[in-house]
Trainee: 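My questions all concern the structure below.
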There are 2 protein chains.
Amino acid sequence: MTQTKTDPRVIRTRSLIMDSFIQLSGKKDFKDITVKDLTAEAMINRATFYYHFEDIYDLLEKALSEVLLVNLDYEHFRDSRLDEEALVRIFTAVTNFQLSLSNRCHSGYEDTIARIIRNQLEVIFSKMLSGQDPEADDQSLQITAAMLSWEIYGASVEWRRNSGVDPGDFIRPALSSVLNGIRVVR
Amino acid sequence: MTQTKTDPRVIRTRSLIMDSFIQLSGKKDFKDITVKDLTAEAMINRATFYYHFEDIYDLLEKALSEVLLVNLDYEHFRDSRLDEEALVRIFTAVTNFQLSLSNRCHSGYEDTIARIIRNQLEVIFSKMLSGQDPEADDQSLQITAAMLSWEIYGASVEWRRNSGVDPGDFIRPALSSVLNGIRVVR
DNA sequence: TCGAGTGTGTTGTATAAGCGACACTTCCGC
DNA sequence: GCGGAAGTGTCGCTTATACAACACACTCGA
């Protein structure tokens, strides 16, 4: 883990952009946010934006991924086992994330957002799985992670239809079969 | 008034430093604030500090001057006459400024602060005076401004001993003679 | 159909900011 | 007194950001 420290200017600029993006997305639809808007709000040069992001969609992905990752509090349990408790926490984080998004305008980006969530989940699951099972076959591990992320994301979509239910209570019954799936793969 | 726009990086960095200074001065004595403290708090490089300020005393002056100038709301009445109303507002601003300072630790810097206040007042007075009297003699105008700043500052020190009195009520009785002084010079 | 207006990406160049290193001072425990 | 720790100011070099300009695409109203 010898990650070379990133330049503080980069950290500053990135969070200026991300914050402005979150800010703006509270005011208008994602699709109506222009790079010009964004850089004006963040008080950074437009060329600087392109130094950090390919385009506005790239920013969308990275910003949402980061917010989700914070919600997931990944660092807090990156080394814990992928058991029922962990899954409940992850699921709750995903539902929280979707709730926070529902306050914002993102019409037309539902699929993108779904993909981002599944991607993040997949990364986390695969890390946790390989952490608790270092000699497991890499490919089957990836597949398990992918399946898990689909199941958890799908459950969160289900959950959104039953407003008011506690996420933990909602997901717990479904977990035994999911955890069985993990065990089978191992 | 063709002021060349200042680089946004400069604005950002300066306010990072100033804000951190205000922040830190709420926690410890001015004299205990080191440049290292400051740059750590502001998350900027120490060399960058010296790019903008000679040393920590230079920062003290500039930071306090700026805060005072904001309190004075100079832009708001730069073109108005230097009459009783203006003087009351300026005096009130000075007392507000001193009140805000009294919540902070600045032992040993009383003289410096006094000088800063008088300097700022002098600049403002001289601008207002020359604005309302373009053909006035420059030197006597400077002298008037200097005298005024001493009187107003002195009154604010007086006022601090009589806690609770409204600044306006406090200064108004003294203003007739002050305004007379201005008239005599003209 | 056109042309003006607006947003997008990209490029070259200037400059602010970061970084490590240095010599120097001050302070404090031994 | 001495030596180390910590702060100060400065320097040379690298890198991120600002800025102006450009070609391109798209839209919209005349």
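Protein chains get the first letters and strands the later ones, always in sequence-line order, with residue 1 at the start of each.
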Trainee: List the residues meeting side-chain contact (heavy atoms from CB on, under 4.5 Å) with B/T34, not counting sequence neighbours, and say none if there are none.
Mentor: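 side-chain contact (heavy atoms from CB on, under 4.5 Å) check on B/T34 returns B/K36, B/D37.
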Trainee: Between P on D/dT14 and CG on A/D7, what's the gap in Å once rounded to a whole number?
Mentor: 15 Å
Trainee: Using heavy-atom distances to pick each residue's nearest nucleotide on DNA chain C, tell me which of A/I56 and B/M43 is more 5'.
Mentor: A/I56
Trainee: Answer yes when B/D111 and B/R115 have at least one side-chain N-carboxylate O distance shorter than 4.0 Å, and no when they do not.
Mentor: no
Trainee: Tell me: CG of B/D55 to P of C/dT25, nearest whole Å?
Mentor: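 Answer to the nearest Å: 17 Å.
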Trainee: 5'-most contact on DNA chain D: A/I11 or B/E54, nearest heavy atom basis?
Mentor: B/E54
Trainee: Can you see whether A/S156 engages A/Q98 through a side-chain donor-acceptor pair at a distance of less than 3.5 angstrom?
Mentor: yes
Trainee: Give a yes/no on whether any side-chain N or O of B/T48 is located under 4.0 angstrom from OP1 or OP2 of C/dG18.
Mentor: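 For C/dG18, OP1 or OP2 has a side-chain N or O of B/T48 closer than 4.0 Å.
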Trainee: State which of C/dA16, D/dA18, C/dT8 makes the closest approach to the side chain of B/R12.
Mentor: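 Side chain of B/R12 sits closest to D/dA18.
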Trainee: Rounded off to whole Å, could you give me the CG-to-C1' distance for the A/L38 and C/dG7 pair?
Mentor: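 The distance from CG of A/L38 to C1' of C/dG7 comes to 13 Å, rounded to the nearest Å.
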Trainee: With a cut-off of less than 4.0 Å, is there a side-chain N or O of B/Y51 near OP1 or OP2 of C/dA17?
Mentor: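 For C/dA17, neither OP1 nor OP2 has a side-chain N or O of B/Y51 closer than 4.0 Å.
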Trainee: Using whole Å, report how far CG of A/D32 lies from C1' of D/dT27.
Mentor: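 Taking CG of A/D32 and C1' of D/dT27, I get 15 Å after rounding.
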Trainee: Between A/K62 and A/M18, is there a side-chain heavy-atom distance shorter than 4.5 Å?
Mentor: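 SC-SC contact between A/M18 and A/K62 confirmed.
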Trainee: Let me test you: for the helix from C/dT1-D/dA30 to C/dC30-D/dG1, what is the angle between the axes at its two ends (five pairs each), rounded to 10 degrees?
Mentor: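 One end's axis against the other's: 30°.
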Trainee: Are B/V35 and B/Y57 connected into the same hydrophobic cluster when the rule is that any two of I, L, V, M, F, W, Y join if their side-chain heavy atoms are below 4.5 Å apart?
Mentor: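 Result: yes, single cluster for both.
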Trainee: Just checking A/R14: base, sugar-phosphate only, or nothing, at a heavy-atom cut-off of under 4.0 Å?
Mentor: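 It contacts nothing in the nucleic acid.
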Trainee: Rounding to a whole Å, what distance do you find between A/I17:CD1 and D/dA16:C1'?
Mentor: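 Atom-to-atom, A/I17 to D/dA16, this comes out as 12 Å.
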Trainee: Using OP1 and OP2 only, check whether a side-chain N or O of B/N45 sits under 4.0 Å from C/dA17.
Mentor: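 No, no such contact exists.
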Trainee: Take A/D37 and A/P8, find for each the nucleotide of DNA chain C with the closest heavy atom, and name the residue whose nucleotide sits nearer the 5' end.
Mentor: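 By nearest-heavy-atom nucleotide position, the 5'-most residue is A/D37.
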Trainee: Find the distance A/I44:CD1 to C/dA16:P and express it as a whole number of Å.
Mentor: 18 Å
Trainee: At less than 3.5 Å, do the side-chain atoms of A/R9 and the base atoms of C/dA17 form a donor-acceptor pair?
Mentor: yes
Trainee: Between A/K31 and A/D29, is there a salt bridge with N-O shorter than 4.0 Å?
Mentor: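 Result for this pair is yes, salt bridge flagged.
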Trainee: If the cut-off is 4.0 Å, is B/Y50 near the phosphate of D/dT10, judged by side-chain N/O to OP1 or OP2?
Mentor: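 No, because none of the side-chain N or O atoms of B/Y50 sits under 4.0 Å from OP1 or OP2 of D/dT10.
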Trainee: Check whether any side-chain N or O of A/R46 sits under 4.0 Å from OP1 or OP2 of C/dT10, and answer yes or no.
Mentor: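 For C/dT10, OP1/OP2 do not have a side-chain N/O of A/R46 under 4.0 Å.
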Trainee: Rounded to the Å, how far apart are B/F49 CZ and D/dG7 C1'?
Mentor: 13 Å
Trainee: Measuring to OP1 and OP2 of D/dT17, would you say a side-chain N or O of A/H52 lies under 4.0 angstrom away?
Mentor: yes
Trainee: Aromatic rings A/F170 and A/F91: how do their planes relate, parallel, tilted or perpendicular, breaks at 30° and 60°?
Mentor: parallel
Trainee: The criterion is side-chain contact (heavy atoms from CB on, under 4.5 Å); which residues satisfy it with B/A114, sequence neighbours excluded?
Mentor: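 B/A114: side-chain contact (heavy atoms from CB on, under 4.5 Å) contacts with B/R118, B/Y153.
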Trainee: Please report, rounded to the nearest Å, how far the P atom of D/dT8 is from the NZ atom of B/K36.
Mentor: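 In whole Å, D/dT8 P lies 9 Å from B/K36 NZ.
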